[in-house]
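The structure under discussion appears below in the form of structure tokens.
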Amino acid sequence: KVRVEADKSWPVLLSNGNMIETGDAGENRHFAVFEDPYPKPSYLFAAVVGKLGKITDTFTTASGREVELNVFSEPENVDALDHAMESLKKSMKWDEERWGREYDLDVYHIVAVNDFNMGAMENKGLNIFNTALTLAKPSTATDTDYMRIEGVIGHEYFHNWSGNRVTCRDWFQLTLKEGLTVFRDQEFSADMWSHAVKRIEEVRGLRGRQFQEDAGPMAHPIRPESYIAMDNFYTATVYTKGAEVIRMYHTLLGEKTFRKGMDLYFSRHDGSAATCDDFRQAMADASGRDLTQFERWYTQAGTPELLAEGVYDADKKTYELTLSQSCPPTPGQPKKEPFHMPVVVGIIGKKNGKEIVPDKLCELTKEKETFVFKGINQPPVLSVLRGYSAPVKLQLEQSDEDLAFLMAHDTDAFNKWEAGQRLMTRILLDAYEKISDGQPAPSLPSNFVDAVRSVLTGTGSDMQLQALMLVLPDEQTLSGSLKVIYPEVLHKARVHVKDSLSKALEKEFREKYAELSTGAPYELTAEAVGRRKLRNLCLSYLVALKAADSTSLTNEHYKTANSMTDKLAALGELVSLPGGERDAALTSFYEDANGDALVINKWFSLQAMASTPDTLENVKKLTQHPAFTLKNPNRVRSLLGVFGGNMHIFHADDGKGYEFLADKIIELDTLNPQIAARLLGPFGLWKRYDEGRQNLMKKQLQKVLAKDGLSADTFEVASRYVQ
């Protein structure tokens, strides 16, 4: 039992569990007593005292119990809480239907506050949330915000079983609860929206963030072996790669057996602290399979590389697929043993575009194995690693023609998108090499332009997927393919390809933009979200034309927007178009925010991501803006965190971006060591840049390390980077 007591001027009293008593404590004080019948570790304890507004609803569980639901926040935020409540009810229903997990208390509270270091925390029955992941209404939140809020609300709710009822024995087992719960929230979001789009977004995030961790000095297995400050291991590796490991169990065992393993895990360990080995054992026992080798996914750091090579024998009508795996050295792990790797493949006939071999699971357990497919009666095109069945880097020689063919004919939505990304990457890297060598940037291959035209003019039912297939790989992802990174050259290459594509397909982009400009009222449906996403992408390509009407078109898009999604898309283009329209739009956006903290965060972020030469100086000025403070984590992330991700601006060869961010990290370290340590991320791959930038970044890291009284959080990250 927990008793919370406070002055009556603080009316809200909350703690874990069911409220069993309230009363007057005398001297203008009051109290409340809470009882949580389920054992929990101390990190899940929470108490809230405050002046908060709320909305209330109920949920009836599968067994017929009525649960009271409350979402609290500062009074001025109450009108933006409805989406969070709806997301909670969807999560509770989905977890019952998909995994048989019913909520166990009589009440569930969410408390959202403006100042919070993390996104959210799964304290038992009393989740503490950052308002950035709770508040939503069409005038302030984008479609991405809505979907992210729904996913994170689900994530924290799903922790009630995968994290709370069954918790971790120690922090080295963090991925046991986080990897599993991220997998669960990914599946939830996929069921709510689009499986194809969600999977693509997951992999884009994995490649953009986690692959970089694996390639740097902070590389660690999903189950780390040591740490100085545990805060530094709430990482993409533990969370998103951890989720990929859970997904591989699901791929290897299938939905039915995986569910059986989940049920066994929860029944065995309910009310106790478990380990990653306990989860693996439950899956092994449920399936009757030996998963000993699978443990290497928990113990070995780094991103494995998968080489696929195929040989077609027309006479024998066979296709031999040889798969080889390797994993590069990482700090403390010079040699890696083979993983147990699920590789899902399909084969498509080149003559008719029809699938010859549907999804086939190949289990690669050795360094090299060959798999033979029979009855292949026409030249095949291989579709390998379908659904991105393992978190690896794929090496597969395929012609531009074959990649364009897969964009058109692959039945696996992820690989359809992946074929386009591989083709785009090839073209972007070719431009990078040419520009690096002082040669003119090459023109675009006609088959690539035709493939993009086919996607753009298509009439598929999933416009979100259609839009994603037209997005060029970002600079962070592309940098992972380079031995030495020259960010300004990479940026020029990407700008060249985008500009060239916009010119080659100007007519089609204009027609599609006009077709999607329906003026329809705002709706939060998959179709409406897809329409906005595709229309805003067309706008981005039309701006790349640098045509006479580029600025006026974008300005009109901004002024007529009926949602934050469209407004932000237009302003995101205008911030890189210096002039009166940009300045006027930024001023009106700030004034329209009317002090709304989350909208003002967007205002800061847009300017930090601008592609103009004055971006750094503008960011410096923004740190002096009355609305900026180092004391609010969201505000720091929105300006300084975003600036660090603006690759070609942050990595300008004069090193001024490095100096600026390092100075702010030193200043912030005294106030908020956790956020300071995370802001060091852009320095992590300094050894992969050219020698000049290496020296400049190393100098700033050494300056951070020289700070008197440097926190353990920041010291651990900076010292490992410098090694």
Side-chain angles (χ1 to χ4, degrees), residues 142 144 431 441 467 470-472 474-475 487-514 516-517 532-593 599-622 625 638-639 642-643 645-652 657:
T142 64
T144 300
L470 297 169
V471 176
L472 296 172
D474 61 57
E475 290 166 31
E488 78 285 1
V489 178
L490 187 57
H491 180 70
K492 287 178 183 177
R494 193 175 186 277
V495 168
H496 163 73
V497 172
K498 185 174 182 180
D499 290 357
S500 301
L501 202 52
S502 66
K503 289 171 184 173
L505 298 174
E506 178 180 0
K507 175 177 176 289
E508 290 84 352
F509 278 118
R510 288 190 182 277
E511 289 175 350
K512 182 62 71 170
Y513 180 81
L516 297 170
S517 299
R532 284 189 288 272
K533 187 183 287 286
L534 186 54
R535 178 173 178 258
N536 290 333
L537 185 81
C538 289
L539 174 68
S540 182
Y541 274 102
L542 292 173
V543 171
L545 283 168
K546 300 177 180 65
D549 66 342
S550 290
T551 300
S552 59
L553 179 69
T554 310
N555 203 34
E556 182 66 16
H557 190 109
Y558 175 79
K559 289 179 177 179
T560 59
N562 66 355
S563 69
M564 180 55 73
T565 301
D566 289 343
K567 200 172 187 180
L568 210 63
L571 192 54
E573 299 297 333
L574 283 171
V575 293
S576 295
L577 298 173
E581 289 89 347
R582 178 189 75 168
D583 297 340
L586 283 169
T587 299
S588 73
F589 188 88
Y590 185 83
E591 291 174 350
D592 291 348
V599 177
I600 292 173
N601 287 343
K602 291 177 169 65
W603 182 77
F604 278 107
S605 293
L606 285 169
Q607 295 176 81
M609 276 305 293
S611 291
T612 52
D614 64 348
T615 296
L616 173 58
E617 290 307 311
N618 191 35
V619 169
K620 287 181 178 179
K621 291 176 184 176
L622 288 171
H625 192 280
S638 70
L639 184 64
V642 170
F643 172 74
N646 190 343
M647 194 168 176
H648 75 287
I649 298 293
F650 174 69
H651 289 288

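In this text the structure is predicted, and so the values were computed from the model without any measurement. Index from 1, following the sequence.
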Query raised in the report: Out of curiosity, Met609 CE to Met647 CE, how far, rounded to the nearest 0.5 Å?
Result: 11.0 Å

Requested in this report: List for me each residue that meets side chain to side chain contact (heavy atoms under 4.5 Å, CB included) alongside Val599, sequence neighbours excluded, and say none if there are none.
Outcome: Thr140, Met564, Phe589, Ala593, Asp596

Query raised in the report: So does Lys620 have more than 12 non-hydrogen atoms from other groups sitting under 6.0 Å from NZ?
Result: yes

Requested in this report: Give a yes or no on whether the backbone of Ala569 and the side-chain of Glu573 come within a donor-acceptor separation of less than 3.5 Å.
Outcome: no

Query raised in the report: What is the minimum heavy-atom distance between Val471 and Leu537, and which atoms define it?
Result: CG2-CD1, 3.6 Å

Query raised in the report: To the nearest 0.5 Å, how far apart are CD in Glu556 and CG in Asp549?
Result: 11.5 Å

**Report entry** His625 and Tyr590 aromatic ring geometry - parallel, tilted or perpendicular at 30°/60° bounds
**Finding:** perpendicular

Report task. May I ask you to test the Gln607-Val619 pair for a side-chain heavy-atom distance under 4.5 Å? Result -> no

Query raised in the report: Taking atom CG of Leu639 and atom CG of Leu606, what is their separation to the nearest 0.5 Å?
Result: 11.5 Å

Query - Residues which pass ring pair (Phe, Tyr, Trp, His ring centres under 6.0 Å) with Phe650, listed by chain and number, not counting sequence neighbours - result: Phe643, Tyr658, Phe683

Query raised in the report: Lys567 versus Asp592: any side-chain heavy-atom pair under 4.5 Å?
Result: yes

Query raised in the report: For the residue pair Ser611 and Ser576, what are the closest heavy atoms and their distance?
Result: N-OG, 2.9 Å

Report summary line: With sequence neighbours left out, the residues meeting side-chain hydrogen bond (donor to acceptor under 3.5 Å, both in side chains) with Thr554 are none

Report task. Hey, could you give me the CD/CG distance between Glu511 and Leu516, rounded to the nearest 0.5 Å? Result -> 11.5 Å

Query - Lys492 atom NZ, neighbour heavy-atom count above 12 within 6.0 Å - result: no

Query raised in the report: To the nearest 0.5 Å, how far apart are NZ in Lys533 and CG in Leu470?
Result: 11.5 Å

Report task. Locate the shortest heavy-atom distance separating Ala570 from Leu539; write the atom from each residue and the value. Result -> CA-CD2, 4.1 Å

Requested in this report: First locate atom OG of Ser550, then atom CD of Glu581, and finally report the distance between them rounded to the nearest 0.5 Å.
Outcome: 11.5 Å

Query - Donor-acceptor contact present, side-chain Ser638 to main-chain Phe604, <3.5 Å - result: no

Query raised in the report: Is it true that Arg510 and Glu506 make a salt bridge, defined as a side-chain N closer than 4.0 Å to a carboxylate O?
Result: yes

Requested in this report: Could you tell me whether a side-chain N or O of Tyr541 sits under 3.5 Å from a main-chain N or O of Phe509, the two making a donor and an acceptor?
Outcome: no

Query - Pair Lys559, Ser588: side-chain N/O donor-acceptor within cut-off below 3.5 Å - result: no

Report task. Locate the shortest heavy-atom distance separating Ala561 from Asp566; write the atom from each residue and the value. Result -> CB-CB, 3.7 Å

**Report entry** Nearest heavy-atom neighbours spanning His496 and Ala431
**Finding:** CD2-CB, 4.3 Å

Query raised in the report: Which heavy-atom pair separates Ala610 from Asn646 by the least distance, and what is that distance?
Result: O-ND2, 2.9 Å

Query raised in the report: Does Arg582 use its side chain to pair, donor to acceptor, with the backbone of Leu574 at less than 3.5 Å?
Result: no

Query - Side-chain (Asn618) to main-chain (Asp614) donor-acceptor, under 3.5 angstrom - result: no

Query raised in the report: So, are Glu617 and Lys621 salt-bridged, with charged N and O less than 4.0 Å apart?
Result: no

Query raised in the report: With side chains defined as the heavy atoms from C-beta onward, is the minimum distance between Arg494 and Glu475 less than 4.5 Å?
Result: yes

